[in-house]
Q: 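I'd like to ask you about the structure that follows.
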Amino acid sequence: MEIVWRERMVPGEPEIFVAWQEGPGDRADGAGDRAEGGGDRADGAGDCANGGSDRVEGAGDRTLLAIHGGPDWDHSYLRDPLHRLEDRRLLMPDLRGCGRSGRVPEYHPDGVVDDLVRVLDAFGVERADVLGHSYGGMLAQRFAISHPSRVRSLIVSGSSVLPVPPDAFDGWVERDEILARQEDPWQREDLTPEECVRAEAFAAALANIWRAEAMAEYLRRLDEVRFGGDWVRQLQSGTLVSPRIPDAAQRIAELGIPVLLVHGRYDMTFPVQLVEPTLEAVPEACAVVLEDAGHMVHVDEPDGYLRAVGEFLQGAALQDRLELGGAGAV
């Protein structure tokens, strides 16, 4: 049965835009939702969460909440391959100040956490599996630590639990060369902050994608992202608080929930070397390192990424390591 992307604005201050996929058991009667035109469809099956106009009993734990990075991006670059997951509802909000969500005078990661609670409440979800990519990975950790009763499991994708040491990439000549050639749009006076964010995303493509074969698809996704500039304005003012919690590893370990780290071997933003010490610090964690992937691990190796996430969510491989095709030792 085909699953179509639907859209909902979650009320509040600010309003939060959510793109979501319903399973065949969902009964969306159109209250507050509309089907998105233009054809992102996938085959799948799943139960829906208990609540709202889409109430179906007994499936609140079959929801994956996916948190995008940036933060001045939107959710759309994360859709594929997550839209191919089976047996669960997928919720993909745009963070406050991003994409089609509302704006506020000041941004703080705790405000995002509050928004995520509102999203789950709006869909009647008591506990969700939570995935965060890049900056969103740190937000996902913050959400799990501050609202443990709402998180069934945690997936940290292309991000890190431990802080990145200043010398983490020392000696990686290829990375140094790529970054040295990268254009810096922030030196241009003719661009708005929104235009700079967009230009920087395209300029950084070589640092974010490892496989040359994946580049065209990545550039296509970037072309569809609704870039913003609200968060970067606050960053430039020096008042933006980091989403990272200093003792995140210890506090996540205390939660006792399943944790999956999905990482690209050639991630030039969050070093793969942090995976092993994270596994030592968080006993419930397991990891998949995809050997032919960079920071945008889900674009470089979509099939391996989907398998890692899918098997984890099914509870099929929650040991010290996941042995998957295309994955390597950490």
Q: Just distance, no hydrogens or angles: give the donor-acceptor pairs under 3.5 Å from side chains in residues 140-148, sequence neighbours left out.
A:
residue: Gln141; atom: NE2; partner: Gly137; partner atom: O; Å: 3.1
residue: Gln141; atom: NE2; partner: Ser160; partner atom: O; Å: 3.0
residue: Arg142; atom: NE; partner: Asp110; partner atom: OD1; Å: 2.7
residue: Arg142; atom: NH1; partner: Pro243; partner atom: O; Å: 3.0
residue: Arg142; atom: NH2; partner: Asp110; partner atom: OD1; Å: 3.2
residue: Ser146; atom: OG; partner: Arg142; partner atom: O; Å: 2.8
residue: Ser146; atom: OG; partner: Phe143; partner atom: O; Å: 3.4

Q: Measure the CZ-CG distance between Arg62 and Leu90 for me, rounded to the nearest 0.5 Å.
A: 13.0 Å

Q: Pairs in or reaching into residues 12-21: which pass salt bridge (charged side-chain N to carboxylate O under 4.0 Å, His left out), with residues at least two apart or in two chains?
A: none

Q: Excluding sequence neighbours, so at least two apart, what forms side chain to side chain donor-acceptor pair (under 3.5 Å) with Ser237?
A: Thr239

Q: Indicate yes or no: at least one non-hydrogen side-chain atom of Ser157 is less than 4.5 angstrom from one of Leu260.
A: no

Q: Below 30° counts as parallel, above 60° as perpendicular, anything between as tilted: where do the rings of Tyr266 and Trp172 land?
A: tilted

Q: With sequence neighbours left out, which residue pairs that include part of residues 177-186 fulfil the side-chain hydrogen bond (donor to acceptor under 3.5 Å, both in side chains) condition?
A: Asp184-Gln187, Trp186-Glu200

Q: With sequence neighbours left out, what residues match Asp115 under salt bridge (Lys or Arg N to Asp or Glu O under 4.0 Å)?
A: Arg96, Arg118

Q: Which residues pass the side chain to side chain donor-acceptor pair (under 3.5 Å) test with Ser101, not counting sequence neighbours?
A: none

Q: For Thr269, check side chain to side chain contact (heavy atoms under 4.5 Å, CB included) against everything at least two apart and list the hits.
A: Asn208, Asp267, His295

Q: Quick one: list whatever passes side chain to side chain donor-acceptor pair (under 3.5 Å) with Asp190, sequence neighbours left out.
A: Arg188

Q: Is it true that the side chains of His133 and Tyr77 contain a donor and an acceptor less than 3.5 Å apart?
A: yes

Q: What's the separation between atom OG in Ser149 and atom CZ in Arg127, rounded to the nearest 0.5 Å?
A: 8.5 Å

Q: Who are the side chain to side chain donor-acceptor pair (under 3.5 Å) partners of Arg150, not counting sequence neighbours?
A: Asp121

Q: Heavy-atom distance under 4.5 Å between the side chains of Trp210 and Met268, does that happen here?
A: yes

Q: For Arg221, what residues pass the salt bridge (Lys or Arg N to Asp or Glu O under 4.0 Å) criterion, not counting sequence neighbours?
A: Asp80, Glu217

Q: Please examine the side chains of Tyr305 and Leu290, heavy atoms only from C-beta on, and report whether any two atoms are closer than 4.5 Å.
A: yes

Q: What are the two closest non-hydrogen atoms of Arg152 and Pro258, and how far apart are they?
A: O-CD, 3.6 Å

Q: With a 4.5 Å heavy-atom cut-off, do Val18 and Met92 have their side chains touching?
A: no

Q: Carefully, step by step, assess Asp300 and Arg265 under the rule salt bridge (Lys or Arg N to Asp or Glu O under 4.0 Å).
A: CA-CA 11 Å; Asp300 268 323; Arg265 174 68 68 186; over 6 Å; no

Q: For residues Leu78 and Ile67, determine if any side-chain heavy atom of one lies less than 4.5 Å from a side-chain heavy atom of the other.
A: no

Q: Do Arg79 and Trp5 form a cation-pi contact, if we require the NZ or CZ to be under 6.0 Å from the six-membered ring centre and within 45 degrees of the ring's axis?
A: yes

Q: Are side-chain heavy atoms of Leu65 and Leu131 found at a separation under 4.5 Å?
A: no

Q: Taking salt bridge (Lys or Arg N to Asp or Glu O under 4.0 Å) as the test, write out the residues that go with Arg175, two or more places apart.
A: none

Q: The criterion is salt bridge (Lys or Arg N to Asp or Glu O under 4.0 Å); which residues satisfy it with Asp170, sequence neighbours excluded?
A: none

Q: Applying the side-chain contact (heavy atoms from CB on, under 4.5 Å) test to Leu91, which of Val10, Thr63, Leu116 qualifies?
A: Thr63

Q: With side chains defined as the heavy atoms from C-beta onward, is the minimum distance between Pro81 and His298 less than 4.5 Å?
A: yes

Q: So, do Leu313 and Ser153 sit near enough that their side-chain heavy atoms are less than 4.5 Å apart?
A: yes

